[in-house]
Chemist: 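Please read through the structure below; I'll follow up with questions.
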Protein chains: 2
Amino acid sequence: MARQRVFDIETAIEAATVLFWRQGYEGTSLSDLTTAIGIAPPSFYHAFGSKEALFRRVLDRYRASRLQYAEDAVNCATAREVAEQMLLRWAELYTDPECPPGCLAANCALAGGAPDSLLGGELTRVRKARQGRLRKRFKRAQQEGDLAAGANPDALARFLMTVGWGMASDARSGASRADLLCTVEMALKAWPG
Amino acid sequence: MARQRVFDIETAIEAATVLFWRQGYEGTSLSDLTTAIGIAPPSFYHAFGSKEALFRRVLDRYRASRLQYAEDAVNCATAREVAEQMLLRWAELYTDPECPPGCLAANCALAGGAPDSLLGGELTRVRKARQGRLRKRFKRAQQEGDLAAGANPDALARFLMTVGWGMASDARSGASRADLLCTVEMALKAWPG
DNA sequence: AGGATTTTGTAACGAATGCTATAATTGCGC
DNA sequence: GCGCAATTATAGCATTCGTTACAAAATCCT
């Protein structure tokens, strides 16, 4: 029983996603956002609360959709397949022609300034959580026998994440999907067994 | 034949270096800089011209000193040694206890917003130049016979750079030198031969 | 239709940004 | 001692930042 909203929230979030992805959190001004969405500041604040609140929604969406697709690679049968699929999906996501290049989270993690800032801390936490899940998966693989007993699950997880972040920044500065797949192939040569 | 400067330029540049390193280019305000140096804005502009000009001096210094140390690894005898030394030196530089963690250039490259911005473009250009020198070195190694003929110099150079950028961001979010050395060891397992 | 409620538009807030005009200080050569 | 030139300090420039009062417009329920 009230006036109906004149813009679509989901569409607005997608527009904001592109902006944050391209320009980072601090690099995207409220004016950028309201212009892209096509609304005035009061509508923005009524709908989203604040710039930071909207960014969290954007980041949550990104994690739940695109990053989750990569993370689902942990369900592959063997450790080797997990690594291969994870890398391949990152390469795919970071060079999706329908999206800005690179990784939204990675772009904003560094662009957000120090990792001890509010948002920076959260992004670092997310990163470590992902690395932890990979490590756990490789430990399990070791128990199940499809990963050499001498391998180091922690080092493997860290290595994959490092290559992933490297690929994200490579993509952001213009690398093509073929370039990234090249790197994936190289990285897999380091895999034990 | 004039009033003598009350602060030391080199000391000021070093103070600015730490700030840019920690907070990125846009994350560091003029107020941050003048406060850290201990001067007022007019002195700052008289001495450095602008914030961007100072940043370029900072970046040049960084490249000529620290990054150059890593880059000197291309003078090693074999391709394998080049790769090993390059990675080791990056790991060392990015976790130097006397400096902020990570790579000044890498931190600012992403923090500077889009790679098509003025500074972003320059940082991207620097990155590609470094990768090009590595590629050339590996091509030479191939001709000299210490790198397998079937190897791909371009892929090798790209892989090293990717791991380097990944290590930089890993260090920035808290990874220790031991962590990075772990990654170096892993990456080297991918090396041909 | 009337009133309650939510969204919208206008306009502006205080604070911070990078930067500078003006003029007062300081030091050297003459 | 004096004038010239370089550096300094005070103060403020215009702009942009994220954010918000305030009131008009638009909807639904009674």
Side-chain angles (χ1 to χ4, degrees), chain A residues 1-13 15-59 108 111-114 117-123, chain B residues 1-13 15-59 108 111-114 117-123:
Chain A
M1 43 176 166
R3 181 173 180 173
Q4 68 187 7
R5 192 175 275 119
V6 82
F7 68 101
D8 181 49
I9 292 250
E10 294 302 309
T11 307
I13 293 184
T17 299
V18 172
L19 287 178
F20 285 133
W21 204 328
R22 283 218 170 88
Q23 315 173 10
Y25 176 71
E26 317 216 305
T28 303
S29 72
L30 216 65
S31 172
D32 290 338
L33 292 166
T34 53
T35 301
I37 299 175
I39 58 177
S43 298
F44 179 94
Y45 279 89
H46 184 79
F48 302 113
S50 71
K51 178 186 172 186
E52 181 176 330
L54 171 58
F55 179 71
R56 290 186 193 278
R57 286 187 70 169
V58 164
L59 198 62
C108 295
S117 68
L118 246 161
L119 287 175
E122 181 158 334
L123 288 165
Chain B
M1 41 174 165
R3 181 173 181 175
Q4 68 188 6
R5 192 176 277 117
V6 83
F7 68 101
D8 181 50
I9 292 250
E10 294 302 310
T11 307
I13 293 185
T17 299
V18 172
L19 286 178
F20 284 134
W21 204 328
R22 283 217 169 88
Q23 314 173 11
Y25 176 71
E26 316 217 304
T28 304
S29 72
L30 216 65
S31 171
D32 290 338
L33 291 167
T34 53
T35 301
I37 299 175
I39 59 176
S43 297
F44 179 93
Y45 280 89
H46 184 78
F48 301 112
S50 71
K51 177 185 171 186
E52 181 176 329
L54 171 58
F55 179 72
R56 289 186 193 278
R57 285 187 72 168
V58 164
L59 198 63
C108 294
S117 68
L118 246 161
L119 287 174
E122 182 158 334
L123 289 165

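Order of the sequence lines sets the chain letters (A, B, ...), proteins ahead of strands, with each chain counted from 1. Note that the structure is a prediction, hence the values are computed from the model and not measured.
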Chemist: Under 4.0 Å: is that the gap between some side-chain N or O of B:Gln4 and OP1 or OP2 of C:dT26?
Modeler: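 No, B:Gln4 has no side-chain N/O under 4.0 Å of OP1/OP2 on C:dT26.
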Chemist: For residues B:Ala36 and B:Leu19, report the shortest heavy-atom separation together with the two atoms involved.
Modeler: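 Smallest heavy-atom distance, with atoms named: CB-CD1, 3.7 Å.
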Chemist: I want to confirm an ordering. Mapping A:Ser31 and B:Gly38 to their closest nucleotides on DNA chain D, which one lands closer to the 5' end?
Modeler: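 That would be B:Gly38.
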Chemist: Let me know the distance between CG of A:Leu30 and C1' of C:dA15, rounded to the nearest Å.
Modeler: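 Rounded to whole Å, this separation is 15 Å.
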Chemist: State, to 0.1 Å, how close B:Phe44 and B:Leu30 come at their nearest heavy-atom pair, and which atoms those are.
Modeler: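 Taking every non-hydrogen atom into account, CE2-CD1, 3.6 Å.
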Chemist: Can you give me the closest heavy-atom contact between A:Arg57 and A:Glu10, atom names plus distance?
Modeler: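 Nearest heavy atoms, A:Arg57 then A:Glu10: NH2-OE2, 4.3 Å.
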Chemist: Check every strand shown and say whether A:Phe48 touches a base, only sugar-phosphate, or nothing at a heavy-atom separation below 4.0 Å.
Modeler: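 The residue A:Phe48 makes no contact with any strand.
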Chemist: If you look at every strand shown and take non-hydrogen atoms under 4.0 Å, does A:Thr28 touch a base, only sugar-phosphate, or nothing?
Modeler: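 If one applies the 4.0 Å heavy-atom cut-off, A:Thr28 turns out to touch the sugar-phosphate alone, with no base involved.
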Chemist: Taking only the side-chain nitrogens and oxygens of A:Tyr45, find out if one of them lies under 4.0 Å from OP1 or OP2 of D:dT20.
Modeler: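 No, because none of the side-chain N or O atoms of A:Tyr45 sits under 4.0 Å from OP1 or OP2 of D:dT20.
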Chemist: At less than 3.5 Å, do the side-chain atoms of A:Arg3 and the base atoms of C:dT6 form a donor-acceptor pair?
Modeler: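 For A:Arg3, whose side chain was compared with the base of C:dT6, there is no donor-acceptor pair (under 3.5 Å).
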Chemist: Just N and O in the side chain of B:Ser43: are any of them under 4.0 Å from OP1 or OP2 of D:dT7?
Modeler: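 False: B:Ser43 side-chain N/O out of range (4.0 Å or more) of D:dT7 OP1/OP2.
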Chemist: Restricting to non-hydrogen atoms, name the atom on B:Tyr25 and the atom on B:Lys51 that form the minimum distance, rounded to 0.1 Å.
Modeler: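 Looking at all heavy atoms of both residues, the closest pair is O-NZ, 3.1 Å.
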